[in-house]
Amino acid sequence: MEGVDKEKVQKVIYEMSKGSKYFENEQRKEALTKQKIEHLRAQCAALTDNDISHFQKAAEKKMLELEASRDLSKIWLHTDMDAFYAAIETLEDPSLKGKPLAVGSMSMIATASYEARKFGVRAAMPGFIGCKLCPGLVFVRPNFERYTHYSELTRKVFQRYDPNFIATSLDEAYLNITNVCIERSITGEEVATELRTAIHQETGLTCSAGVAPNRMIAKVCSDINKPNGQFILPNDREAVLTFVSTLPIRKIGGIGKVTEQMLRQVLGISTCQEMLQKAAFLCALFSEGSADFFLSVGLGLGGTETPEQRQRKSISCERTFTATNDSSLLFEKLANLAENLAGDLQKEGLRGKTLTLKLKTADFEVRTRAVTTRGFINSKEDILIYATKLLKAEMPLSLRLMGLRMSQLHDEKDDSSTSTQKTLDIFFRSSNNASTGQQDFFVHDESIFIPEQRNLVNYSNEGVLSNPVIGDGLGGVSLDDVMNTEKLDDLSVLTSPEATASSCKPGQQLWIDGYICSICGFELPPGFEEERQEHSDFHLAESLQQEETVDSKRTISNESRLAERPCSSTPTPKKKLKSSKEGKHIPIDAFFTKCNKNL
DNA sequence: GTTGTTTTGAGAG
DNA sequence: TCGCTCTCTCAAAACAAC
């Protein structure tokens, strides 16, 4: 921003931050970045002339390929609303007009008005620093319903120019205006002017626009004449190359503070064009994907086709709070998060397999710990079981943020769920579920089939349930249960040897209808005598093993229980390799292959 | 033993 | 007194397949 005393702003930010835990963490992160830079420098120095010549050839080949893919036939427009949240608040309350305004709180500013920006106040800045920079700063709490309403109004306008426009946030969108330009014989510039006028008429808000042959450049262009302006780059190769020749790499979406530092300090790259000059080194030092991206940037290439609508890959929630090491408070917050996440999953009809616990310590260190469950889950109770295990493994610690994310999603509406029918363990489990009502925690044979659950089954409690049947994924686990280690570990009774042994007496094994195993539901027609015998032996061995281990398991101390970690999570140090028996998942297909071979 | 794939944690944007 | 949500990438470890 012009007129901002950047030095003064930097000094205020430094003075306000130094000595804080946040600041210390930032320094830690900077040290890590320096390490990365040193590592890259060493790699660079180790390159021989031969290496460089090899990578130069590879880079030239890649650049030719990329150049061949250049498409100048499309016209893309990027729009960005000006200080969107602040502008809406001013529109709704005209008394705010002309005042330095921050939408957010003392903790964090989401958007600042242009009057506030003159003082150096900006988005993603803590409110208390904003106050210091601009003593008269007016704060307004965010009102997302309001912003969504206005966003919808802008989208109605976008729709008229490109029905398949790509909204990247409430206030930004990409429009492919090629057809509009052709059909109405007008230029991209005329479309941009018309669209911005329409937005203003229909919302009372202003926006900026950029027009270019691809999305990457269009986004850069929309920032050039902000606020309430536009910039048009013609669909001409030379114009594009001239444009990027002096363009600082930091202007490109995807190149942030760390990448900028690495490219500048290791290879001396600061403009997009310099990417091409150092192409061989980019290919030598970075992964293929990264190198391709950097070279595309150097050539001014970007997306020109409207991408297919992507499916959601994860769903999460997280909350920041006053740092605490009070475990009861932390588990209470965890329960709230589990409830929120379950609600969101159920609202969208989704279930997930991988649960990730995110933690931010009082020192701002961020950790994630994940567990992959055997089946798809979405109930608060199931989520809480796994989340609690993950959190317990990290205790004790002082936290200021916790979050839960579910990934490897599966749409409930799509019940084909082929992925759950791939392995014997799931096969066995599902057949047992049918008779017991259990879903995710039934263990037929802990040592073979369910390594993730070993922390649940390695020790059973004194009180073994006479009836192992528990409803939908251990429903009804209360906060008290979660808080109480003993109670939580009582869950092991679900998978206790007694619980399963009672249903696994080999002598009672019957082939229902002549081919369905009454214990696990596995189907083996008469004629597969050898396999049927093998199958019976398996259940016999299983039963004997369980009986043998019952007593020893009961004697395991509480200490060893606490030392257990969720097996699928990967805390530091990484989990040990399991023995083949412990960790082996036997693909059901493989079993059938074997059967066929024996025919 | 080698190679390819998946999982996990970390971090960028 | 420094947020929330989501996607993507990378490296290393774990694991499967040959």
Side-chain angles (χ1 to χ4, degrees), chain A residues 13 16-26 28-29 32-33 36 39 103-111 122-132 141-142 144 168-170 219 250 252-262 285-293 307 310-323 337 340-341 344 353-360 362-372 390 400-409 423 451-452 566-580 582-587 590:
Chain A
I13 294 173
M16 296 291 288
S17 309
K18 73 171 179 194
S20 68
K21 297 253 167 101
Y22 172 81
F23 185 80
E24 284 169 16
N25 191 57
E26 286 300 297
R28 241 188 340 251
K29 278 158 57 182
L32 282 174
T33 305
K36 273 187 195 167
H39 179 68
V103 178
S105 66
M106 272 301 168
S107 298
M108 190 51 67
I109 294 170
T111 308
R122 50 181 168 71
M125 173 183 274
F128 64 91
I129 292 180
C131 279
K132 186 78 177 177
R141 284 275 171 189
F144 284 97
T168 49
S169 63
L170 285 178
K219 173 143 169 76
R250 188 68 166 88
I252 304 295
I255 299 184
K257 192 176 140 196
V258 171
T259 312
E260 182 196 22
Q261 280 188 57
M262 290 201 296
L285 299 180
F286 295 93
S287 68
E288 198 186 340
S290 300
D292 284 4
F293 169 65
R310 279 189 303 206
Q311 279 208 314
R312 181 200 271 283
K313 293 187 176 170
S314 69
I315 186 163
S316 64
C317 58
E318 62 187 62
R319 289 289 173 269
T320 298
F321 40 83
T322 311
L337 285 169
N340 276 343
L341 183 62
D344 289 348
K353 270 188 98 176
T354 301
L355 182 72
T356 305
L357 172 70
K358 177 177 172 179
L359 307 170
K360 193 187 274 182
D363 295 331
F364 286 86
E365 182 202 341
V366 178
R367 297 181 203 171
T368 59
R369 297 289 181 261
V371 59
T372 298
L390 291 173
R400 57 171 292 116
L401 172 145
M402 272 198 289
L404 287 174
R405 182 172 75 238
M406 190 68 85
S407 49
Q408 285 208 67
L409 300 177
T423 55
E452 282 91 336
C567 288
S568 218
S569 68
T570 313
T572 358
K574 287 252 180 185
K575 63 185 172 186
K576 283 185 192 168
L577 266 168
K578 292 178 205 75
S579 74
S580 59
E582 279 175 325
K584 199 89 172 178
H585 291 216
I586 307 165

Hey, does A:Ile315 reach any base, or is it just sugar-phosphate, or nothing, if we go heavy atoms under 4.0 Å? sugar-phosphate
To the nearest Å, how far apart are A:Leu401 CG and C:dC2 C1'? 12 Å
Side chain of A:Met16 (C-beta onward), nearest among C:dT1, B:dA12, C:dC2: C:dT1
Which is true for A:Thr356 with a 4.0 Å heavy-atom rule: it touches a base, it touches only sugar-phosphate, or it touches nothing? nothing
Charged N to carboxylate O below 4.0 Å: is that the case for A:Lys29 and A:Glu26? yes
Once rounded to the nearest 0.5 Å, what's the spacing between atom CG of A:Leu355 and atom OG of A:Ser407? 8.0 Å
Length of the line joining A:Leu285:CG and C:dA11:P, which is rounded to integer Å: 11 Å
Spell out yes or no: do the side chain of A:Ser17 and the base of C:dC2 have one donor N/O and one acceptor N/O closer than 3.5 Å? yes
Is the phosphate of C:dT5 approached by A:Ser314 (side-chain N or O, under 4.0 Å from OP1 or OP2)? no
Among B:dT7, B:dG9, C:dT1, the nucleotide that comes nearest once only the side chain of A:Gln408 is considered: B:dT7
Under the ring pair (Phe, Tyr, Trp, His ring centres under 6.0 Å) rule, collect the residues that match up with A:Phe144, sequence neighbours excluded. A:Tyr85, A:Tyr147
Nearest listed nucleotide, side chain of A:Lys358, among C:dT1, C:dT5, C:dT7: C:dT5
Distance check needed: C:dT1 C1' versus A:Glu26 CD, whole Å only. 15 Å
Does any nucleotide pair with C:dC4 by Watson-Crick or G-U wobble geometry, both distances under 3.5 Å, and what is it? none
Any side-chain N or O of A:Arg405 under 4.0 Å from OP1/OP2 of C:dT7? no
Once you apply a heavy-atom cut-off of 4.0 Å, does A:Ala110 come out as touching a base, just sugar-phosphate, or nothing? nothing
Given atom CG of A:Leu390 and atom P of B:dG9, what is their separation to the nearest angstrom? 8 Å
Nearest to the A:Ala370 side chain among C:dC2, B:dG9, B:dA12, which nucleotide is it? B:dG9
Partner residues of A:Tyr22 under the ring pair (Phe, Tyr, Trp, His ring centres under 6.0 Å) criterion, sequence neighbours left out: A:Phe364
Measure from CE on A:Met125 to P on C:dT1 and round the result to the nearest Å. 18 Å
Just name whichever nucleotide pairs with C:dC15, Watson-Crick or G-U, keeping both distances under 3.5 Å, else none. B:dG4
Nearest whole Å is fine: how far is C:dG3 P from A:Ile129 CD1? 11 Å
For A:Arg319 and for A:Ser107, find the nucleotide of DNA chain C with the closest heavy atom, then tell me which residue's nucleotide is more 5'. A:Ser107
Candidate nucleotides B:dT8, C:dC2, C:dC6, ranked by approach to the side chain of A:Thr372 - the nearest: B:dT8
Under-4.0 Å side-chain N/O to phosphate OP1/OP2 contact, A:Lys313 with C:dC8: yes
Quickly work out the A:Lys29 NZ to C:dC2 P distance and round it to whole Å. 13 Å
To the nearest 0.5 Å, what is the distance between CD1 (A:Ile255) and CZ (A:Arg250)? 9.5 Å
Looking only at side-chain N and O atoms, does A:Ser316 come under 4.0 Å of OP1 or OP2 in C:dC6? yes
Describe the nucleic acid contact of A:Phe364 in one word from base, sugar-phosphate, nothing, applying a heavy-atom distance below 4.0 Å. sugar-phosphate
Would you say A:Arg369 reaches B:dA10's phosphate, i.e. side-chain N/O to OP1/OP2 under 4.0 Å? yes
What is the distance, to the nearest angstrom, from the NZ atom on A:Lys360 to the P atom on C:dC2? 9 Å
Given A:Met402 and A:Leu359, is the side chain to side chain contact (heavy atoms under 4.5 Å, CB included) satisfied, shown in steps? CA-CA 5 Å; A:Met402 272 198 289; A:Leu359 307 170; 3.7 Å; yes
If we ignore angles and hydrogens, is there a donor and acceptor under 3.5 Å between the side chains of A:Thr356 and A:Thr368? no
Heavy atoms only, 4.0 Å cut-off, all strands: where does A:Arg400 land among base, sugar-phosphate and nothing? sugar-phosphate
Map A:Glu318 and A:Tyr22 onto DNA chain C by nearest heavy atom, then report which one ends up closer to the 5' terminus. A:Tyr22
